[in-house]
Amino acid sequence: MAETRRLTDIVHERLGSVVQPGDVAVDATAGNGHDTLALARLVGESGRVFAFDTQAEALANTRNRLERAGLLNRVELIRQGHEQLKERLPGSICGRLAAAVFNLGYLPGGDKQQITRAATTVPALTQAVDCLKPGGIITVVAYPGHEGGAEEFSAVEKWFGKHPSRLRAVQILDPGRKDAPVLFSGRRQLMQPSSTGH
Ligand code: SAH
């Protein structure tokens, strides 16, 4: 658990170097709301965070956390799978995201059967990158250790390996211990290679 927290701190640090007041960001797995809160602080009063989760319990926990911090008015809670990201974001938002944050696996303290899965995580990652603005950041914490986690971890690893033309500064932080969570991050290219040139 100490490890997970440390990775979360690193995620928040990386987000902090990209997300500015007034920005728009997505937490693709709201869970207990730690990442939503970090994003809400970073986007400031004029910014907006869209937080997705499929479980009512997760969104309730997130709502409470944000309410306690007095920042709920910066956040829109969306009870939908992140594989519907593009469909559910207001039309003008896609292409403007400064950050998209994924913390995979199950809800800490909740039902361990309700996990994120490769079949929906992978399309969600692609949609998230589609919706990043140039220079925007995507972060993913994946958990190879829990049941069903290894398959999803491999899919995420493969996905990051497949997108060198859309992402730059891809970093993979793998503590290298069996079953330890791994952090993937990358920034949307400033320009697509195909559209550069003359
Ligand atoms: N970031 C959280 C931890 C996330 S736990 C925190 O800081 O506490 C992973 C969450 O993903 C769970 O709450 C689970 O309900 C949610 N989830 C599972 N499948 C999902 C999907 N398809 N779309 C969005 N969220 C999903």
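Ligands are counted one by one from 1 in listed order, and the atoms in each one are counted from 1 as well. Bear in mind that the values here come from a model prediction, so they are computed numbers and not experimental data.
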Which of the ligand 1 atoms, numbered from 1, are nearer than 4.0 Å to a heavy atom of [X]:
{"X": "Tyr106", "value": "5 (S)"}
{"X": "Ala28", "value": "24 (C), 25 (N)"}
{"X": "Ala58", "value": "13 (O)"}
{"X": "Gly105", "value": "9 (C)"}
{"X": "Gln55", "value": "14 (C), 15 (O)"}

Which of these, Asp35, Asp53, Thr29, has its nearest heavy atom closest to atom 12 (C) of ligand 1?
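Checking each option, the heavy atom nearest atom 12 (C) of ligand 1 is found in Asp53.
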
With the side chain counted from C-beta on, respond yes when Leu167 and Ile138 share a heavy-atom pair under 4.5 Å apart, and no when they do not.
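In short, these two side chains touch, coming nearer than 4.5 Å.
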
Report the nearest protein non-hydrogen atom to [atom]: residue, atom name, distance rounded to 0.1 Å.
{"atom": "atom 9 (C) of ligand 1", "result": "Asn103 O, 3.3 Å"}
{"atom": "atom 26 (C) of ligand 1", "result": "Thr54 OG1, 3.6 Å"}
{"atom": "atom 21 (C) of ligand 1", "result": "His82 NE2, 3.4 Å"}
{"atom": "atom 8 (O) of ligand 1", "result": "Asn32 N, 3.0 Å"}
{"atom": "atom 18 (C) of ligand 1", "result": "Thr116 CG2, 3.4 Å"}

Are side-chain N/O atoms of Thr54 and Gln114 paired as donor and acceptor at under 3.5 Å?
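Absent: no donor and acceptor within the cut-off.
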
Between Asp179 and Tyr143, do the side chains contain a donor N or O and an acceptor N or O under 3.5 Å apart?
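Looking only at side-chain atoms, Asp179 and Tyr143 do not form any donor-acceptor pair under 3.5 Å.
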
Please say yes or no: joined through hydrophobic side-chain contacts below 4.5 Å, possibly via intermediate residues, are [X] and [Y] part of one cluster?
{"X": "Ile137", "Y": "Leu7", "value": "yes"}
{"X": "Leu59", "Y": "Tyr106", "value": "no"}
{"X": "Ile115", "Y": "Val156", "value": "no"}

Start with the C-alpha gap between Ser165 and Gln189, add the side-chain angles, then the distance that decides, and say whether side-chain hydrogen bond (donor to acceptor under 3.5 Å, both in side chains) holds.
CA-CA 7 Å; Ser165 62; Gln189 290 282 7; over 6 Å; no

With heavy atoms only and a cut-off of under 4.0 Å, state how Glu83 meets ligand 1: side chain, backbone, both or neither.
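Only the side chain of Glu83 comes within reach of ligand 1.
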
Is the closest heavy-atom distance from Ala124 to ligand 1 below 4.0 Å?
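It does not; every heavy atom stays at 4.0 Å or beyond.
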
Does Glu151 have more than 12 heavy atoms from other residues, nucleotides or ligands lying within 6.0 Å of its CD?
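Atom CD in Glu151 is not crowded, with 12 or fewer foreign heavy atoms closer than 6.0 Å.
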
With under 30° as parallel and over 60° as perpendicular, where do the rings of Phe160 and Phe184 fit, or are they tilted in between?
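Phe160 vs Phe184 ring planes: parallel.
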
